[in-house]
Amino acid sequence: MKKLYITSPLYYVNASPHIGHAYTQIACDTINRFFKMAGFQTYFMTGTDEHGEKVEKAAVKAGYEKGREKDFVDSVVPHFKELWKDLNIKFDFFIRTTDPSHEKTVQKILEIMKSKDDIYKGHYNGWFCTPCETFWTELQVKGKPCPDCGRRLEKIEEANYFFRLSKYQDWLISHIKKNEDFIKPDYRKNEILSFLKNPLEDLCISRPKERMAWGVELPFAPNFVTYVWFDALINYISGMGFLDDEKKFKKFWPADFHIIGKDILRHHAIYWPIMLRSAGLAPPKTIFAHGWWTVKGEKMSKSKGNIVDPRTVIKLYGTDALRYFLLREVTFGLDGTFSEEAFILRFNGDLANDLGNLVNRTLTMVDKYFSGKIPEARAGIKNSSLEGLSRGLKDKATHLRKTLESRISSFDFSGALSAIWEVINKANKYIEESKPWECSRNKNTKNLESIIRNLLETLRIISISIYPFMPVSSQKIWQQLGIKDGIEGASLTETEKWNLLKAGHKTCKDKPLFPRIV
RNA sequence: CGCGGGGUGGAGCAGCCUGGUAGCUCGCAAGGCUCAUAACCUUGAGGUCGUGGGUUCAAAUCCCACCCCCGCACCCA
């Protein structure tokens, strides 16, 4: 059985999750569900990044005493977990960087790197703002006063530990060039390659405890903790059994997909592969950096206060509509604009008019013409015009799988959804062209049976196909078709087959799936 | 200044890597149908693909120059 290991980033817990977090999770979840349905043994890992200065400060701000950071993060993490539940994110493991097993692995890896002389002690120059207790790098201040409070900064020199990024630069460049799919999309790969044209500086991976103590202690220098990113990235292997459950680790590593936002690409495409290389491990196969959601042309940010809260959208329009919108509206990789107008347009146009209405009108006809029972599968009348139309619909529907597979494999969610919608549109057109109401008037039962049957089969295929994107609606259609088993047990291969529904079974027409927003 | 992204019918976008009748959604106009969530189906109007050069039999697509818009303190997918 083929395996697939997919990860989301670990979300930083210094604030509540917003639409961007939701976006990444939904993308991961959709890929995961799709491949699971395609027969892969998948493993989707997500979690939270809980150490570092920002969290330490957030804890203080929230009224926790120094040293009680763990209590603070314990209080925040449930917000993330709840949102993932509301968004129907189905992960296999939730890792927290404060998990003792993770911290232990981080320390072991630090030891390995130290023993290879990839970690060394050096000096770090920077600027310190005493009132803010904040440390700034030369790059951040460029000779100006404290960016936070505007007061004068003090130049300090600090002993710290460094990781030899520079040693692996040439290796990394050639690895990126040799592996087409290592960094996606291509324009991001080019960005990284052009960044790598300049020599890498070694990475400072420690913080003296006297300045910042909320982190994983360096095993060879108890007065220091490690830099958050160094700690966080390791989750991808610590949560997968590295140095712990070697059998599991061997099976799933290297990761197939690291799905991330474009802001954290350098950490993933530069630091992380080099860290792995130093530890003697293979790099991940693909790192995909997606774009940002903007609001009215502006970047979403806490300071601007224009954050879109996914919970509000879910309450108003439902989880599936949000999942659909985010994955359909924008080419994955590029930035997109989030607006309620665009959302409603998608909702009414695609979900209510096309999909919801198709389900509704089909099931109404089953009720009306066949008292809610699935009609017999009739062999088409040779060379009739109806046969031609029916074959067109059947071909379109049963060939959908191949398109979905290639598009989802290349992270083209929007393209995958359009392919599904082509089938939906085809079905709507089929109704117009085959005119079941005329068959009913003319008492042409055979043709009527055939038409309705074909529509129901198409709905069955659509239902499976949308499952990775909209699990709840998918299940609802499934139920309305009278299928008792859960949709999650369905296999993608069933979308290539026809006439699987059992004749005579009762369908269960329900309320419209997506009532139009007026 | 530099780096990155973008400029395609009224709006929002795809196509550009791998040149060869300019496509999608929404909106608009006309028509059709009645199973349906005033939904669905058909047809139509509307673009010299930012500007100027170049390569080519042929350029939205490749090359050069230029103009305009957005992002690059913190937060952050």
Please classify the nucleic acid contact of [X] as base, sugar-phosphate, or nothing, using heavy-atom distances under 4.0 Å.
{"X": "L334(A)", "answer": "sugar-phosphate"}
{"X": "G20(A)", "answer": "base"}
{"X": "T331(A)", "answer": "sugar-phosphate"}
{"X": "G415(A)", "answer": "nothing"}
{"X": "I19(A)", "answer": "nothing"}

If a protein heavy atom is under 4.0 Å from the base, mark B; if only from the sugar-phosphate, S; if neither, -; do that for nucleotides 28-35 of chain B going 5' to 3'. ----BSSB
Rounded to whole angstrom, note down the [atom1] distance from [N] over to [M].
{"N": "U8(B)", "M": "A65(B)", "atom1": "P", "result": "22 Å"}
{"N": "C49(B)", "M": "A38(B)", "atom1": "P", "result": "42 Å"}
{"N": "C72(B)", "M": "A14(B)", "atom1": "C1'", "result": "27 Å"}
{"N": "G19(B)", "M": "C13(B)", "atom1": "P", "result": "27 Å"}
{"N": "C41(B)", "M": "G6(B)", "atom1": "C1'", "result": "37 Å"}
{"N": "C68(B)", "M": "U51(B)", "atom1": "P", "result": "15 Å"}
{"N": "C17(B)", "M": "C62(B)", "atom1": "C1'", "result": "10 Å"}
{"N": "C26(B)", "M": "A22(B)", "atom1": "P", "result": "22 Å"}

What is the distance, rounded to the nearest whole Å, between atom [atom1] of [X] and atom [atom2] of [N]?
{"X": "E191(A)", "N": "G71(B)", "atom1": "CD", "atom2": "P", "result": "17 Å"}
{"X": "R266(A)", "N": "A77(B)", "atom1": "CZ", "atom2": "P", "result": "16 Å"}
{"X": "E340(A)", "N": "G12(B)", "atom1": "CD", "atom2": "C1'", "result": "17 Å"}
{"X": "L459(A)", "N": "A36(B)", "atom1": "CG", "atom2": "P", "result": "16 Å"}
{"X": "I264(A)", "N": "A77(B)", "atom1": "CD1", "atom2": "C1'", "result": "7 Å"}
{"X": "N14(A)", "N": "C75(B)", "atom1": "CG", "atom2": "C1'", "result": "8 Å"}
{"X": "E433(A)", "N": "U43(B)", "atom1": "CD", "atom2": "P", "result": "10 Å"}
{"X": "E329(A)", "N": "A77(B)", "atom1": "CD", "atom2": "P", "result": "23 Å"}

On RNA chain B, check which nucleotide each of I260(A) and L345(A) is closest to and give me the residue with the more 5' one.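 In this pair, the answer is L345(A).
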Return the 5'-most residue of the pair R188(A), T24(A) with respect to RNA chain B, ranking by each residue's nearest nucleotide.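 Upstream on the strand: R188(A).
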We want to know whether Y236(A) and H268(A) form a side-chain donor-acceptor pair, criterion being a heavy-atom distance below 3.5 angstrom.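 Side chains of Y236(A) and H268(A): pair found under 3.5 Å.
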Any chance the side chains of R361(A) and N428(A) put a donor and an acceptor closer than 3.5 Å?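 Yes, side-chain donor-acceptor contact under 3.5 Å.
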With a 3.5 angstrom cut-off on both distances, give the Watson-Crick or G-U wobble partner of [N], or none if there isn't one.
{"N": "G12(B)", "value": "C24(B)"}
{"N": "A58(B)", "value": "none"}
{"N": "G71(B)", "value": "C3(B)"}
{"N": "U48(B)", "value": "none"}

Y23(A): which of F413(A), F338(A), F332(A) passes ring pair (Phe, Tyr, Trp, His ring centres under 6.0 Å):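 Among F413(A), F338(A), F332(A), the one that satisfies the ring pair (Phe, Tyr, Trp, His ring centres under 6.0 Å) with Y23(A) is F332(A).
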Using the ring centroid of each side chain, check whether F343(A) and Y317(A) are separated by less than 6.0 Å.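 Aromatic pair counts; centres sit under 6.0 Å.
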Validation row, ring centre F347(A) to ring centre F514(A) under 6.0 Å: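 Ring centroids of F347(A) and F514(A) are less than 6.0 Å from each other.
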Hey, is the main chain of T46(A) close enough, under 3.5 Å, to the side chain of S8(A) for a donor-acceptor pair?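 No, because the side chain of S8(A) does not come within donor-acceptor range (under 3.5 Å) of the backbone of T46(A).
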May I have the step-by-step check of side-chain contact (heavy atoms from CB on, under 4.5 Å) for D49(A) and Y11(A), ending in yes or no? CA-CA 5 Å; D49(A) 179 7; Y11(A) 302 101; over 6 Å; no
Please list, in numerical order, the residues of residues 346-359 of chain A that have a heavy atom closer than 4.0 Å to any atom of RNA chain B.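 Output list: A352(A), N353(A), D354(A), G356(A), N357(A).
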Honestly, is K81(A) close enough over F94(A), meaning NZ or CZ under 6.0 Å from the six-membered ring centre and within 45° of the axis?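 Yes, cation above the ring, under 6.0 Å and within 45°.
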Output, in order, the C-alpha distance, side-chain angles, deciding distance and verdict of side-chain contact (heavy atoms from CB on, under 4.5 Å) for I19(A) and L326(A). CA-CA 9 Å; I19(A) 200 95; L326(A) 293 179; 4.3 Å; yes
Walk me through whether L233(A) and W229(A) qualify under side-chain contact (heavy atoms from CB on, under 4.5 Å). CA-CA 6 Å; L233(A) 287 163; W229(A) 269 109; 3.8 Å; yes
Working note: L200(A) + I270(A), criterion side-chain contact (heavy atoms from CB on, under 4.5 Å); need CA distance, chi angles, decisive distance, verdict. CA-CA 10 Å; L200(A) 282 174; I270(A) 297 176; 4.0 Å; yes
